[in-house]
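Whatever order the structure lists ligands and atoms in, that order sets their numbers, starting from 1. The chain is numbered in sequence order, starting from 1.
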Amino acid sequence: MITLKSPREIDIMGRAGRIVAGTLARMREVLRPGMSTEDLDSEAERFIRSHDGAVPSFKGLYGFPKTLCTSIDEEIVHGIPSSNRVLEEGSIVSVDVGVQLEGLHADSAMTLPVGRVTPEVERLLRVTQESLTAGIAAARLGNHVGDIGYAVQKVAEGAGYGVVRELVGHGIGTQFHEEPQVPNYGRPKRLARLLEGMTLAIEPMITMGSPTTRTLADKWTVVTSDGSLSAHFEHTVVITAQGPRILTAH
Ligand code: MG
Ligand code: MG
């Protein structure tokens with residue numbers, strides 16, 4: 001069932017979203033080659049809990065042990081922060097974070113360069129971000145969930161990249177994952193109609209090579225099947241009469 005949120009719920013999700021955005025801004029600030037993903041995770045948890053009533057959404061969700069998902073290079077999503085994973089110059093790391101506040105969630109991710117990266121990698125990051133922007137722009141009344149995926153896919157595949165199919169965006173609210181699923185591919189006017197008060201986490205996962213995935217032995221980390229690099233950007237958005245509003249804007 002797709003739930004429509006009240007103005008009060010949207011206000012709370014907006015406050016959760018600002019903490020999410022602040023966490024990602026903090027990650028960008030502290031990220032350095034040589035630090036571990038565990039270092040990022042502990043700083044993220046400290047930052048979130050420094051806000052009254054805010055808790056990390058991921059910790060304990062389906063048994064996930066950490067505050068962040070940190071996914072390096074060919075890892076697409078759900079990488080587990082670890083003191084053994086040291087960030088190397090030239091890598092990219094997707095930092096994904098959720099915050100729960102007063103019973104409601106917000107969710108956002110960005111892929112950050114570690115030090116200097118090649119122009120090819122910069123292009124992957126830029127296009128993935130542009131595909132998210134296009135998906136958000138399509139999240140308006142009169143459109144359907146399929147219009148969002150169509151817009152994302154057009155930008156990403158138009159640039160020659162792969163669009164991951166096995167993982168999708170989602171509704172979000174009192175539950176971290178709610179209906180509807182929000183694929184990053186599709187056709188206009190398909191799937192659920194977009195209604196005022198719907199809150200969606202839109203999150204393109206884009207690869208330089210094959211879009212197919214496999215899951216590592218840790219049962220969490222999802223990687224590209226061909227080892228190609230992958231980028232991931234995400235915002236939580238509410239559908240309003242005035243158009244999409246980003247609740248996790250930086
Ligand atoms: Mg996320
Ligand atoms: Mg999400």
Side-chain angles (χ1 to χ4, degrees), residues 2-3 5 13-14 16-28 37 40-41 44-45 47-48 54-72 75-81 92-101 104-112 125 128-129 131-133 135-136 139 145 148-149 152 163-185 191-192 198-206 213 215 220-223 230-239 244-250:
I2 298 174
T3 60
K5 275 68 178 184
M13 289 179 70
R18 277 195 289 281
I19 300 169
V20 167
T23 310
L24 290 176
R26 183 74 190 134
M27 295 300 99
R28 192 201 280 275
T37 51
L40 286 179
D41 190 76
E45 180 166 12
F47 181 87
I48 291 167
V55 293
S57 298
F58 294 176
K59 222 170 190 180
L61 184 70
Y62 314 119
F64 191 78
K66 297 288 183 176
T67 291
L68 300 178
C69 292
T70 48
S71 308
I72 301 170
E75 298 172 358
I76 304 166
V77 286
H78 304 162
I80 305 171
I92 52 175
V93 58
S94 158
V95 180
D96 192 352
V97 63
V99 165
Q100 182 180 19
L101 185 71
L104 287 145
H105 297 272
D107 183 15
S108 182
M110 59 168 55
T111 302
L112 296 168
L125 300 185
T128 305
Q129 218 164 350
S131 75
L132 172 59
T133 302
I136 292 170
V145 169
I148 298 172
V152 169
V163 173
V164 171
R165 304 293 204 274
E166 288 105 325
L167 299 149
V168 296
H170 50 95
I172 180 167
T174 56
Q175 303 295 314
F176 192 79
H177 292 118
E178 297 185 351
E179 287 180 41
Q181 294 199 345
V182 184
N184 295 302
Y185 57 91
L191 306 177
M198 276 175 72
T199 44
L200 304 175
I202 302 174
E203 50 179 316
M205 289 153 266
I206 305 301
T213 72
T215 303
W220 281 105
T221 314
V222 181
V223 301
S230 164
H232 175 216
F233 285 84
E234 175 179 32
H235 274 306
T236 296
V237 170
V238 58
I239 312 297
R245 180 155 76 88
I246 300 173
L247 297 174
T248 47
H250 307 291

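The pair Lys66-Glu45 fails the salt-bridge criterion, with no side-chain N (NZ, NE, NH1 or NH2) lying under 4.0 Å from an Asp/Glu carboxylate O.
Between His170 and Phe176, the ring planes lie tilted relative to each other; the angle falls in the 30° to 60° range.
No donor-acceptor distance shorter than 3.5 angstrom exists from the side chain of Ser94 to the backbone of Val77, with no hydrogens or angles considered. The backbone N or O of Glu203 sits less than 3.5 Å from a side-chain atom of Asn184, completing a donor-acceptor pair. Between the side chain of Asp41 and the main chain of Leu68, a donor-acceptor pair closer than 3.5 Å is present.
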Exercise for the section: Could you walk me through whether Tyr62 and His177 pass ring pair (Phe, Tyr, Trp, His ring centres under 6.0 Å), step by step? Expected result: CA-CA 11 Å; Tyr62 314 119; His177 292 118; 5.6 Å; yes
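Only protein N, O or S atoms were scored, and 4 of them lie under 2.8 Å from the Mg ion (ligand 2).
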